[in-house]
Amino acid sequence: MTKIKKIGVLTSGGDAPGMNAAVRAVVRTSVYKNIECFGIYKGYQGMIEGLIKKLNARSVNNIINKGGTVLKTARCVEFYKKEGREKAYNKIKEFEIDALVIIGGDGSFTGAIHFNKEYNIPVIGIPGTIDNDISGTSFTIGYDTALNTVVESIDKIRDTAISHNRLFIVEVMGRDAGHIALNAGIGGGAEEILIPEEDMGLERLLDSLKKSQKSGKSSSIIMVAEGDKTGKNVFEIASYVENNMPEYEVRVSVLGHIQRGGSPSCFDRVLASRMGVHAIDTLLNGTYNVMVGIKDDMMVLSPLEEAIKGQTEINKDLIRVSEILSI
Ligand code: F6P
């Protein structure tokens, strides 16, 4: 195995608050350990196009507090194909890059696995996605910030919901995972939470709203994850409720991409910093093709294949807590 002297770092897939803190940690740890570090811009697309620049400790000044990613990001369809990956390999060879740190979610890690198999380039994954849907870590970078953004939004929606005695249906991100909906739903005091992992059924939703109404509630908030199991979008759910409970005035609020923006929380900054340092330590210790994660406040490693496998588990206790507290 050749000694690693030059590392490339990129962010890929949907951006997440805290990605900059991770980039900063990767760059500074590389410099600290006398390794050259190259920023690859626009994710895998930038690898194909050769958007690569050497970074030093000062290149990452004043970014720990910034949302988004200074390296930019993309969802790169060309990298799914062998020809795209070949172009990317040729580019990183021009820069003599020996190893890669990939900050992203499951799609980004799938690309990394293919790339490693074809070209034997050591890769390390750092989980960065607001969805928290990666196995092998209790938390992904950006999740905590997104939760706080959602809770802040729910608090604001609640003010207007109470003032008008309205029912609000709020859609949050999570195509395949209900972690944001469930946790921010409990944190924001939502009456009902619809997630992709559990089929709550629309009938049950009506029953529960009727009970709430009977017990004196005049306004309610229903949290819905993008990919919830009812198979209906928030506007269809709103019509369903309005048709069955005409006494309710229903409004829909889709929080959308505000959930991905904003300054990272302290939790995400510390998590990203730890993961960045650990990623370089791991590479230099000769362990490759793994993802850095956190469990019980300890840095842990798991094979990249494991990280992208299946769905992450929903904590059933949260469902129970929400049911009890939303009476
Ligand atoms: O994967 C993160 C995520 O924010 C999902 O929750 C959401 O479904 C998706 O990205 C949106 O992606 P895009 O910004 O490409 O529309």
Side-chain angles (χ1 to χ4, degrees), residues 10-20 22 41-46 67-80 102-112 125-137 139-154 169-185 187-188 193-198 223-235 237 252-265 268 271-272 275 291 293 304 307-314:
L10 62 85
T11 50
S12 162
D15 63 316
M19 278 184 165
N20 283 329
Y41 290 77
K42 264 173 61 182
Y44 291 121
Q45 191 61 44
T69 161
V70 292
L71 290 183
K72 313 275 174 161
T73 186
R75 299 192 196 275
C76 178
V77 181
E78 213 183 333
F79 199 78
Y80 292 153
I102 313 289
I103 307 169
D106 51 357
S108 315
F109 295 161
T110 306
I126 296 183
T129 163
I130 63 162
D131 293 342
N132 205 36
D133 59 348
I134 308 280
S135 302
T137 188
F139 300 104
T140 56
I141 297 169
Y143 173 57
D144 180 68
T145 308
L147 284 182
N148 286 311
T149 302
V150 173
V151 165
E152 207 182 306
S153 307
I154 297 294
I169 301 185
V170 182
E171 185 193 275
V172 294
M173 278 188 170
R175 275 178 301 207
D176 310 305
H179 301 291
I180 294 181
L182 197 51
N183 284 274
I193 305 171
L194 304 182
I195 54 175
E197 294 85 347
E198 293 272 320
M223 290 283 278
V224 184
E226 266 175 313
D228 92 280
K229 261 265 169 47
T230 62
K232 299 216 178 301
N233 68 39
V234 270
F235 296 97
I237 296 173
V252 170
S253 189
V254 177
L255 297 189
H257 287 76
I258 63 159
Q259 294 164 89
R260 289 232 299 256
S263 182
S265 65
D268 276 329
L271 179 68
M275 285 180 167
M291 184 197 78
L304 277 176
I308 58 165
K309 244 189 208 160
Q311 272 194 327
T312 47
E313 297 267 302
I314 275 293

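In listed order, ligands and their atoms are each counted from 1.
Contact annotation for R260 and ligand 1: only side-chain heavy atoms (C-beta onward) come within less than 4.0 Å of the ligand.
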Show the atom names and distances, to 0.1 Å, of all donor-acceptor pairs under 3.5 Å that link a side chain in residues 145-153 to residues at least two apart or in another chain.
| from | atom 1 | to | atom 2 | distance (Å) |
| --- | --- | --- | --- | --- |
| T145 | OG1 | S265 | N | 2.9 |
| T145 | OG1 | S265 | OG | 3.4 |
| T145 | OG1 | D268 | OD2 | 2.5 |
| N148 | ND2 | D144 | O | 3.0 |
| N148 | ND2 | D144 | OD2 | 3.4 |
| T149 | OG1 | T145 | O | 3.0 |
| S153 | OG | T149 | O | 2.9 |

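For atom 16 (O) of ligand 1, the closest non-hydrogen atom of the protein is H257 NE2, 3.6 Å.
Between R75 and Q45, every side-chain heavy-atom pair lies at or beyond the 4.5 Å cut-off.
With ligand atoms numbered from 1 in the order given, ligand 1 contributes 6 (O) to contacts under 4.0 Å with heavy atoms of G174. Per-residue contacts place D131 under 4.0 angstrom from the following atoms of ligand 1 (heavy atoms of the residue considered): 1 (O), 2 (C), 3 (C), 5 (C), 6 (O).
Residues that satisfy the side-chain contact (heavy atoms from CB on, under 4.5 Å) test with F235, not counting sequence neighbours, are N233, V252, V254.
The only option from T69, T73, N20 that meets the side chain to side chain donor-acceptor pair (under 3.5 Å) definition with T11 turns out to be T69.
Here the shortest heavy-atom pairing between A112 and Y44 reads N-OH, 3.3 Å.
When the options E226, R75, R175 are ranked by their closest heavy atom to atom 13 (P) of ligand 1, first place goes to R75.
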